Structure formats: structure tokens, C-alpha cells
Chemist: 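First the structure, which I've put down as C-alpha cells, then a few questions once you've had a look.
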Amino acid sequence: MNEPTLVCRHLSKSYVPGLPVLEDFNCSLAPGKIIGLLGPNGCGKSTLMKLVCGLLVPNGGEIVICGQPQSEATNAFISYLPERTYFNTWMKVEDLILYFSDFYSDFDADAAHRMLKELGVDPTARLKTLSKGTKEKVQLIMVMARKAKLYLLDEPIAGVDPAARDYILKTIIGNYNKEATVVITTHLIYDIEPVLDEFAFLGFGGRILMAGDAKKTRVKEGKTLDDLFREVFRCSRSF
Amino acid sequence: MFKKLLKYDFHSVWRFWWILAVTALGLTTVSSLLLRFLLYTDGGFVMFRVFAALITVASLAVVVISTMMTPLVVYLRFYQHFFSDEGYLTFTLPVSRKKLLLSKTVNALIFLGLEAVLLFACLTLISLIVPDVDDGAFLFAFKMFESIGESIGALWQTVGAWTILYLLEGLLILVGFGILSTSLIYFCITQGAVVARKHKVLAALGIYYLVNGALSFLSSFLLSVSITGFERAMPYLEAHLSSQGLFGLIALALFLTVMLMATLALTAYFLTQHLLERKLNLN
């Protein structure tokens, strides 16, 4: 049996004492799957990703990535796309490729150049001269050009037009390491639904309200995940 | 990995610094040549003299700006790389936070060193190009170097070979001051980012003034205690110690100063490392 890519045990995190964003969160993600982490604002999706990357310090619990406790060493396995633009804007796109090649042994510079060409981004352009949408696409290319074991994509299609969403999803599907786990968080379930193998609906406190195989659930419930999401989270703050 | 980190850290400051350095050196050279020309040609046109004066003021301004801006840029890069959105990239690299901090500290020391070299080079340029005339305000730098040499000579006459040890300790104090300042500022910025979710820079400034105030109080206290102790012990020392023993005591006092600075710098450094490893929540 394949070793889980990500295991969280009794994970908890609160920014303000007494108001946990994640409380006793447990999960185990198998390799080779694209998993949608779906939930309303503030349910802890981004917090979970930041904890896995080591950007936040948990209040309790344990995170294991590819069999190793979370540390800077496990960052070598993770390719993380945050929900914001985070590159040095004075850098050129080609500088970024060199930067990623320098620090990540699994970075495929040829794949990055190919994706940039497909998108029509000039590698000699400085990031500060690019539009917000193009910057986000460049970020996604850098992240997907790695042959990582765990991809964490936080809202990869938020704030971009529908045509760009298609391109982004195509990029994700076409470039990820097939033995890896891809975790995607988003509110735009309708757009992301076709690419998901598995899903989890997260309620407040990081409680998993519903999870399973995306295709089987659609057949069993006779609804799309988008419809199911609306039903589960309909006009209620009690989830 | 450390070399790669240092390479990118160095480049992020160098791309700004070399412009300041070349401007400072260029303007200093031009102003020195103009001053030399004025000395030999007995003034020349009024406009030319005004131009020469303006260039001289500009070169001095660039040197002063460079001296102030370099540390500012280094510390600003530290903040941006770690605690702005760029932190999402920095802290997801497969590199330990120990190495990240070490790289930033070494980079700061490199640029503080380069800035000292630039300042020295600018002053030397003025003193070398302006001819050796005894009077004239422009010979300040030359005279300054001359007076430094005379002071060292006088010290050698008095204490002999102890001069070398004193100079070494003086140099260590200067380097130690650079390391201490950098470590303290890095600590304050990091602590500011840990305690504040929004106004991180404001929090860092507040912590800096608090820490600086506490250190000033501590150093004033230590200084007054040492002076009082020295005054009380002086009759005994004069009676029982040879002049060589007294010189050795001064060397020991300087050494203790170096040790105190090193202790403070290391404390601030390891506290920063602890905060980065255990307390930092990047939001």
C-alpha cells in the first residue's frame, strides 16, 4: 500500500485564544489524487495549507509529509501556491526560473519555459510590468513546473476570468506529477469540479462535514458537488 | 544552499548599492579635480567656482546619503524577505531558518563593510587628488589621515607594542558594533512581526526604542560603576602595578568590552532564530 502523502493528527490552530480555526483536525491523503478542499470563508482551508508548509506554528497536533514530520526538509516535497502574489517584483521571469532551479532539485526549467511560451509571457519581462492576472499565471507555472509530491494550491482560480480559469485547470491537469497529491481550495466549485478525484467539505473549526470520491458522490446523490455544497452550507452558520 | 541564499541576498542589495557607490566615487573624483583646478588657476570664472562648489556639496551629500541608505536598505530587505508577502516564498524554501538568518546577517555585514570601504575610498580620493598645500579647507581628509598616523605614533611612543593589541581590539569593537546593531535590529523587526498582526513596522520601532533604552541604561550603569571602581582602585594600582601592568589592564578592559558586545549580539541573534523557528506565524 502506498504511503500517504499528508497525514494530520489532532491538528489545532487558533489566532485568538478561544477561537480555534482548526480544532482536532485529522486527515490522511493518498498519493495520485486531486483533492478539493471546499468550504466557506474562515473554515481553515488556507490555515491548513500554511500549517503544512510551516508558515504557521500549530497549537497542537502533528503533521507528517511523505513519512517525515513537517520541517524545512519536507518543503522540498511541497509545491505551494498561496492566494497572493509573493515574488520579488523587481525580478524578471527568467530570474525566477533560475531561482526555482537553484533551490528546488525537482524544478523542470524546460517545462516552465514551455508553459510561458504557451501563455505568451516574455521571460525577459520584469514581474512589476505584468498584470495581476499574468503574475498569478507565472506563479502557477513556477509551482506546476516542479515534480513535487504534494501540490497545495490555495484559490488558484480566484480573481481570474473564465478563460484564464480554463487555462489554469488545464495547466494543473497537464503538468502535475501523476504520483503526487494535489490539494486545491476554492469557492468556485463549479469550475473546479470536473478535475477533482476526491473532495472534502470543511465546516468551521476545520470539521469535515462530508468527504469522499467526487464521481461516486455525484452519482449517488444525483447532484453536482456545487449543488451539494450549496445544500450543505445553505443559509446556515451552524456548520 | 547557504551560498545560493547569500547570492540572492547579496544581489537584492547590490543592484541598488552599486549605483550609489559609483555615483559617490564619480562625484568625489570630479569635485576633487575641480578643487585642484581652482587651486592652480587662482579661481577662474565665478560660474565655474559655483559649479565646483555645487559638485562638492553633491558629492558630500551622496556619500552621506549612501552611508545612511545602505543599512536602511539592508534592514528593509530583511523585513520584506521575511515578513511581507515575499515571506511566503522565503519560508517555503527547503532551507532551515538558521541558514536564512545567517545569510541575512552575513549579507548585512558585507554591505556595512563595503560602505566603510566606500567612505574611506571617497575620503582618500579627496586627499590624494588635492595637492599638498598646508592651508585650505579641502585638505581636511588628508589632514585627518595625517593626524590619525600621528596619534598612533604617539601611542606607540607611550605604550610600545601594546599599540597593536589596542588597535586590534579597537577594530574588533568597530566590527562588534556592526554585528550588535544588525542583530539587535533584526531581533526588533522579528519580535515586531511576532507580536503584531497588522502594524509590524510600528511594533518593531517601539521594541527597538525599548531595547535601546534598556541597553543605554545598562551601559551607563556599567560605565559609572567602572569609573568609580577605577578611581577607587587607582592609588592601589599606582602603588602595586608597573606601567606594563597598567597597559595590560587597559587591554583587558577593551577585551571585556568586546566580550560584552559579542554576548549581547549573540543573545539577540539566537533570540531572533528562536522567534523565527518557534513563534512566527506569517499572516
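Because the structure is a prediction, the values reported are computed rather than measured.
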Chemist: Salt bridge (charged side-chain N to carboxylate O under 4.0 Å, His left out): which pairs involve residues 263-276 of chain B, sequence neighbours left out?
Modeler: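 Counting only pairs at least two positions apart or across chains, no salt bridge (charged side-chain N to carboxylate O under 4.0 Å, His left out) contact touches residues 263-276 of chain B.
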
Chemist: Let me know if B:Leu93 has heavy atoms under 4.5 Å from chain A in its side chain, its backbone, both or neither.
Modeler: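 Both parts, backbone and side chain.
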
Chemist: With side chains defined as the heavy atoms from C-beta onward, is the minimum distance between A:Leu22 and A:Leu51 less than 4.5 Å?
Modeler: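 A:Leu22 vs A:Leu51: side chains touch.
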
Chemist: Considering distance alone, list the donor-acceptor pairs between chain A and chain B shorter than 3.5 Å.
Modeler:
{"residue": "A:Lys13", "atom": "NZ", "partner": "B:Asn281", "partner atom": "OD1", "Å": "3.1"}
{"residue": "A:Lys50", "atom": "NZ", "partner": "B:Tyr88", "partner atom": "OH", "Å": "3.0"}
{"residue": "A:Gly54", "atom": "O", "partner": "B:Arg97", "partner atom": "NH2", "Å": "2.7"}
{"residue": "A:Leu55", "atom": "O", "partner": "B:Leu282", "partner atom": "N", "Å": "2.9"}
{"residue": "A:Val57", "atom": "N", "partner": "B:Asn281", "partner atom": "OD1", "Å": "2.7"}
{"residue": "A:Asn75", "atom": "ND2", "partner": "B:Phe91", "partner atom": "O", "Å": "3.2"}
{"residue": "A:Asn75", "atom": "ND2", "partner": "B:Leu93", "partner atom": "O", "Å": "3.3"}
{"residue": "A:Arg84", "atom": "NH1", "partner": "B:Asp85", "partner atom": "OD1", "Å": "2.9"}
{"residue": "A:Arg84", "atom": "NH2", "partner": "B:Tyr88", "partner atom": "OH", "Å": "3.3"}
{"residue": "A:Tyr99", "atom": "N", "partner": "B:Tyr8", "partner atom": "OH", "Å": "3.4"}
{"residue": "A:Asp102", "atom": "O", "partner": "B:Lys4", "partner atom": "NZ", "Å": "2.7"}
{"residue": "A:Asp102", "atom": "OD2", "partner": "B:Lys7", "partner atom": "NZ", "Å": "2.9"}
{"residue": "A:Asp102", "atom": "OD2", "partner": "B:Tyr8", "partner atom": "OH", "Å": "2.8"}
{"residue": "A:Tyr104", "atom": "OH", "partner": "B:Thr92", "partner atom": "O", "Å": "3.0"}

Chemist: For B:Phe2, look at atom CZ and say whether over 12 heavy atoms of other residues, nucleotides or ligands are found less than 6.0 Å away.
Modeler: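 Correct, the count exceeds 12.
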
Chemist: Give a yes or no on whether B:Phe255 atom CZ has more than 12 heavy-atom contacts from other residues, nucleotides or ligands under 6.0 Å away.
Modeler: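 Not buried by this count: 12 neighbours or fewer within 6.0 Å.
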
Chemist: So which pairs with a foot in residues 42-74 of chain A pass ring-ring contact (aromatic ring centres under 6.0 Å, His included), sequence neighbours left out?
Modeler: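 Every pair satisfying ring-ring contact (aromatic ring centres under 6.0 Å, His included) with a residue in residues 42-74 of chain A: there are none.
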
Chemist: Just wondering, do A:Val93 and A:Thr124 contact through their side chains at under 4.5 Å, heavy atoms?
Modeler: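 With C-beta onward as the side chain, the pair stays apart.
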
Chemist: How would you list, by chain and number, every residue that makes a side-chain contact (heavy atoms from CB on, under 4.5 Å) with B:Val258, sequence neighbours excluded?
Modeler: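 B:Val258 satisfies side-chain contact (heavy atoms from CB on, under 4.5 Å) with B:Leu172, B:Ile173 only.
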
Chemist: Using non-hydrogen atoms and a 4.5 Å limit, figure out which bit of A:Leu98 sits close to chain B: side chain, backbone, both or neither.
Modeler: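 Both parts, backbone and side chain.
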
